[in-house]
Amino acid sequence: MHCLVCAFITVLMILTSSDAARMMELSYHSLPCLKNVSTRKEVSMFSEIETTFKLPSPLPTWPPGGGFAGGAIDLGGLQVSQVTTFNKIWAANEGGPGNLGATFYDPVSIPQGFSSLGCYSQPNNMPLFGHILVGKDVTNDISNPTLKSPIGYTLVWSSASLNIKKDGDGYIWFPNPPDGYKAVGYVVTNSSQKPALERVRCVRSDLTDSLQSDLWIWGPSKSLNVNGFNVYSSRPTNRGVQAMGATIGGFVVQNGIGGNTLSISCLKNLKGNVVNSMPNLNQIETLIQTYSPVVYMHPDEPYLPSSVDWFFQNGALLYHKGDESNPIPISQNGSNLPQGGSNDDTYWIDLPKDGSSKERVKKGDLQDANAYFHVKPMYGGLFTDIAIWLFYPFNGPSRAKVDFINISLGKIGEHIGDWEHVTLRISNFNGELTSVYFSQHSWGAWVSASLLEYATGNKPVVYSSLHAHASYPKPGLVLIGPAGVVNIGLRDDTAKSNKVMNTGVRPMVVSAEYLGRSLVVEPPWLNYERKWGPKIDYDLNKEINKVEKVMPGKLKKSFDKFVKSIPSEVFGEDGPTGPKVKDSWSGDERA
Ligand SMILES: *[C@@H]1O[C@H](CO)[C@@H](O)[C@H](O)[C@H]1NC(C)=O
Ligand SMILES: *[C@@H]1O[C@H](CO)[C@@H](O)[C@H](O)[C@H]1NC(C)=O
Ligand SMILES: *[C@@H]1O[C@H](CO)[C@@H](O)[C@H](O)[C@H]1NC(C)=O
Ligand SMILES: *[C@@H]1O[C@H](CO)[C@@H](O)[C@H](O)[C@H]1NC(C)=O
């Protein structure tokens, strides 16, 4: 829907462990959009919603200072707090993801003085793990309060005429806001009687912003029918480090394409100053100790991560356009790399020239590799995003599965200097991990904390794919290919091995702009904005011909078509840039 590559690619998921079993269970998921590569997960066969998810270990005591993990955040006359206890109102027991239905809840145990802003909903195929915001007017201004009750309700939808498995009937109501106010959530009831006006509050318009639908929560049929009625999670339309919008964590409904959502809004942090709710340096350290992921490389992986300093010290060279015969060694923390500028092709980094150093550097240095942490505010300072970057000196050739054989694509997909990341999203109300973003090639996926694997304590497990180092929450094989083609795909293989990196050992916080430039000094290499490897020029046809030599004749044609259909961004042909050049540095993750 939102992403460019969606139209071209089908992701084929194979999740069992042995190749033989895989062949039996080939389930080719035709996903028009890549964003649910991983949210799809191993679709459970039974309802998990009856259990409430809790992180494996209790949260630590956060070091003192500021408003981080302080329970409430002031958006400018409107204080918000997060409620995670719910009372079930209504459930559909079929339709939606996995055809397991969805459940609708009211927030309960609302703190004194706060009011509900809307109901929560989630699919039944995962444990209950909800966070919804409640609000409190702290202006003491009776003439212009930040919250007001609705003046009535409009029935948006009811299950009454729907012949599905359901717990009684559900009714979804839109709170009609008074002039100058906006509804930020729906009310759900299990009777046809209109809810009481006191049930929710609407929010003064200047404290609101626009939102859009995100992941599918429910619809009456087992696969998404965009022409019908659907319930989605939501996210602000404008997202990024500077954007001030934040949803309450509720849902939006849509009746058909462009169908009316009766203009539900999200909240907006009017204060614009997010530092108050964000972690200070000590708190960042504790967050890293608590949540730093454990990254498993594939057992066959020859191209492991290294620290950036190791890469420089072991012979990486800086080239300057027009003076290609005089590359220069890079000093320790990159202090002689050109700073700023733009991603033009005037400079680039390459491996050492002599053959044995080159091969050695390609393999990285897992023992002493560092993980690099970038800490940034998200959604008006209600969340802390911690992006964890790993550097791999070399990205191996793409691998393909053609019928039953594994094929290495030679030069295709290879490049020098590979930056990969995962991002933790942490609630600033209590410091709890809510989800993790796994970057995969030129896309990625958010996965709820409730669906992650944990190594020790609350440290999520990340699997790095063989050669390409795409990040996944589960081991196994992911095939990437154009819609409709089922016997050919690019392979992302992931598995546990003893090649493992605990990102919390030797962590380096390289940037936290909101704390000011003097508290966290960025290493010079971070501000090198050109490519970390040369642009690789190869003749695609020639490479394809080489690969096809080992292939049975009848496959050649479809293989040829397949490789040419893959957008070049999947192969990383544009050349590898550093963390700061990626859109996610100041934007939201691309999902
Ligand atoms: C992923 O997208 C497809 C098609 O839009 C849909 O059928 C499927 O339910 C989605 N899965 C999730 C988990 O959103
Ligand atoms: C109906 O909704 C009320 C809250 O309004 C809830 O307490 C009750 O348990 C619900 N009934 C069923 C059968 O879920
Ligand atoms: C293909 O490669 C994967 C990853 O190295 C390996 O596990 C699998 O056994 C290989 N399959 C075949 C048929 O060689
Ligand atoms: C980088 O290294 C040089 C010397 O190798 C040193 O003078 C400089 O302070 C270092 N800069 C940072 C940001 O660590």
Side-chain angles (χ1 to χ4, degrees), residues 12-26 47 49-50 83 85-93 101-110 115-116 118-122 124 128 130 132 153 155 158-160 165-173 175 185-200 296-304 396-410 413 463-470 472 474-481 487-499 547 550-552 555:
L12 317 169
M13 302 297 308
I14 303 166
L15 292 151
T16 47
S17 50
S18 80
D19 247 31
R22 277 172 191 154
M23 301 326 297
M24 308 292 295
E25 283 193 31
L26 280 182
S47 264
I49 191 103
E50 305 299 332
V83 170
T85 343
F86 296 98
N87 185 22
K88 176 175 165 181
I89 302 165
W90 179 72
N93 296 319
T103 305
F104 295 79
Y105 300 90
D106 247 351
V108 292
S109 311
I110 295 176
S115 306
S116 171
C119 288
Y120 174 69
S121 174
Q122 70 159 68
N124 287 344
L128 174 59
I132 202 148
Y153 291 95
L155 181 64
S158 103
S159 69
K165 281 187 264 170
K166 55 190 177 182
D167 292 351
D169 275 314
Y171 300 80
I172 300 180
W173 306 87
Y186 295 92
V187 175
V188 181
T189 61
N190 50 29
S191 89
S192 59
Q193 209 159 32
K194 275 193 184 175
L197 295 180
E198 296 307 302
R199 186 86 179 267
V200 276
Y296 283 100
M297 313 296 156
H298 191 276
D300 303 336
E301 181 64 78
Y303 308 118
L304 298 166
S398 297
R399 298 167 63 258
K401 176 178 181 301
V402 181
D403 271 3
F404 300 101
I405 33 174
N406 285 341
I407 287 174
S408 171
L409 297 192
Y463 294 89
S464 170
S465 75
L466 181 57
H467 287 191
H469 311 131
Y472 287 93
K474 294 241 145 125
L477 167 62
V478 172
L479 283 187
I480 302 160
N487 61 334
I488 301 181
L490 293 180
R491 290 184 75 108
D492 272 350
D493 284 282
T494 51
K496 273 211 174 85
S497 75
N498 58 6
K499 296 168 185 166
V547 174
V550 299
M551 222 175 268
L555 280 177

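In each ligand, atom 1 is the first atom listed, and ligand 1 is the first ligand listed. Position 1 is the first residue of the sequence, and the numbers go up from there.
Taking the six-membered ring where the residue is Trp, F86 and Y105 present tilted rings, their angle falling between 30° and 60°.
Here is the list of ligand 3 atoms found below 4.0 Å of a heavy atom in D300: 5 (O). Close approach to N190 involves these atoms of ligand 2, each under 4.0 Å from a residue heavy atom: 1 (C), 2 (O), 3 (C), 8 (C), 10 (C), 11 (N), 12 (C), 14 (O).
Among all heavy-atom pairs drawn from H467 and P397, the shortest one is ND1-O, 2.9 Å. What you find for A91 and T103 is that their closest heavy atoms are CB-OG1, 3.6 Å. Across all non-hydrogen atoms, the minimal contact from V83 to S109 is CG2-O, 4.5 Å.
With a 4.0 Å heavy-atom cut-off, ligand 3 is reached by the side chain of H298 but not by its N, CA, C or O. In N87, the part holding a heavy atom less than 4.0 Å from any atom of ligand 2 is the side chain.
Considering CD1 of I132 and OH of Y120, their distance stands at 8.5 Å, rounded to 0.5 Å. Remark: Y303 OH to S464 OG distance equals 13.5 Å, nearest 0.5 Å.
Polar contact check, R399 against ligand 3: a nitrogen or oxygen pair lies under 3.5 Å apart.
Selection from N406, D493, L477 by nearest heavy atom to atom 8 (C) of ligand 3 gives N406.
Counting protein heavy atoms only, atom 9 (O) of ligand 2 is closest to K88 O, 4.0 Å. Scanning all protein heavy atoms for the shortest distance to atom 5 (O) of ligand 2 gives R199 NH2, 4.3 Å.
Look at I89 and you'll find a heavy atom under 4.0 Å from some atom of ligand 2.
Partners of K499 by salt bridge (Lys or Arg N to Asp or Glu O under 4.0 Å), not counting sequence neighbours: none found.
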